[in-house]
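Working notes, structure below.
In this text, all values refer to a predicted model and were calculated from it rather than measured experimentally.
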Amino acid sequence: MPPVFYSFRRCPYAMRARLALASSGVQVELREILLRDKPQAFLDTSPSGTVPCLSVQPGVDAQSHVIDESLDIMLWALDRADPQEWLDMPQDGHALINRVDGEFKTALDRTKYATRYPDEDPQEHRAIAAGILNELNQQIDGYIYGKPTLADFATLPFVRQFAFIDKPWFDAQPWPKLQAWLAAFLDSAAFAQIMSKYPPWQSGDAPFYFPE
């Protein structure tokens, strides 16, 4: 039985996990869930109750066989097969990913979901995020390290999320290399592959395998 992968189409964490699974070719059973109506099988599997979640050995009643963090799922897949050599990147790529997961995502959330943070200034947080993107724009040469790597595909779903908070504002910023990098991703076959729509999974459904 292949690993079981719980996902939610629009979640950027789940997007990047699907990107790595698709790149590696490591096949999983994909179960799309509704965050407002989480199935019990998912809640029994995920320690955090969040997506993405990968059950490496389905049927084994032990959370030691569950990977509950999106970056860990990416690394798990690419450690098994990395035909595009995403893991061939400078060591500071991991620091960049950590900065995106930490400082950038914090600023993104307080910009996009301002009503959840009434004591925070969304404009201040947009400026923090913009500063990080400005640095990234200066670094990009087609890709962050000149070739596709883990850093690109661990980062792009969050840059996409930030861009679409206010796309006209984003497009007006002096970030031509960053904007071209994001546009190429949104137009790519890889993005189209991971954004296919799947019906919400219910117990007893026939399995859907990803990548096909």
With sequence neighbours excluded, tell me which residues meet salt bridge (Lys or Arg N to Asp or Glu O under 4.0 Å) with [X].
| X | value |
| --- | --- |
| E124 | none |
| E85 | none |
| E32 | none |
| D101 | R16 |

Restricting to pairs with a member in [range], which pass ring-ring contact (aromatic ring centres under 6.0 Å, His included), not counting sequence neighbours?
| range | answer |
| --- | --- |
| residues 180-199 | F185-F191, Y198-F208 |
| residues 13-56 | Y6-F42, Y13-F158 |
| residues 122-147 | none |

Separation of [Y] [atom2] from [X] [atom1] (nearest 0.5 Å):
| X | Y | atom1 | atom2 | value |
| --- | --- | --- | --- | --- |
| S55 | F5 | OG | CZ | 12.5 Å |
| T155 | L136 | OG1 | CG | 7.0 Å |
| L150 | L96 | CG | CG | 10.0 Å |

Under 3.5 Å: donor-acceptor pair, side chain of R110, backbone of T106: yes
Q202 atom CD, over 12 foreign heavy atoms within 6.0 Å: no
Where do [X] and [Y] come nearest, in terms of heavy atoms and distance?
| X | Y | answer |
| --- | --- | --- |
| M89 | G93 | CE-C, 3.7 Å |
| A81 | S24 | O-CB, 3.1 Å |
| P12 | Q161 | CG-OE1, 3.7 Å |
| T111 | A107 | OG1-O, 2.8 Å |
| A20 | W86 | CA-CZ3, 3.8 Å |
| K38 | G49 | NZ-O, 2.6 Å |

Only pairs at least two apart or in different chains count here, so list each salt bridge (charged side-chain N to carboxylate O under 4.0 Å, His left out) that has a residue in [range].
| range | answer |
| --- | --- |
| residues 158-183 | R126-D166, K167-D171 |
| residues 65-81 | none |
| residues 200-212 | none |

Close side-chain approach of [X] to [Y], heavy-atom, < 4.5 Å:
| X | Y | result |
| --- | --- | --- |
| S23 | F153 | no |
| Q173 | L178 | no |
| D152 | I140 | no |
| V28 | L21 | yes |
| E29 | P207 | yes |
| F104 | L133 | yes |
| D88 | T149 | no |
| F170 | W175 | yes |

ring-ring contact (aromatic ring centres under 6.0 Å, His included) partners for Y113, two or more places apart: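 Expected list: none.
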From CA spacing to verdict: side-chain contact (heavy atoms from CB on, under 4.5 Å), V51, I33: CA-CA 9 Å; V51 292; I33 67 166; 3.4 Å; yes
Counterpart residues, side-chain contact (heavy atoms from CB on, under 4.5 Å), relative to P211 (two or more places apart):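 Partners of P211 by the side-chain contact (heavy atoms from CB on, under 4.5 Å) criterion, ordered by chain and then number, come out as Q193.
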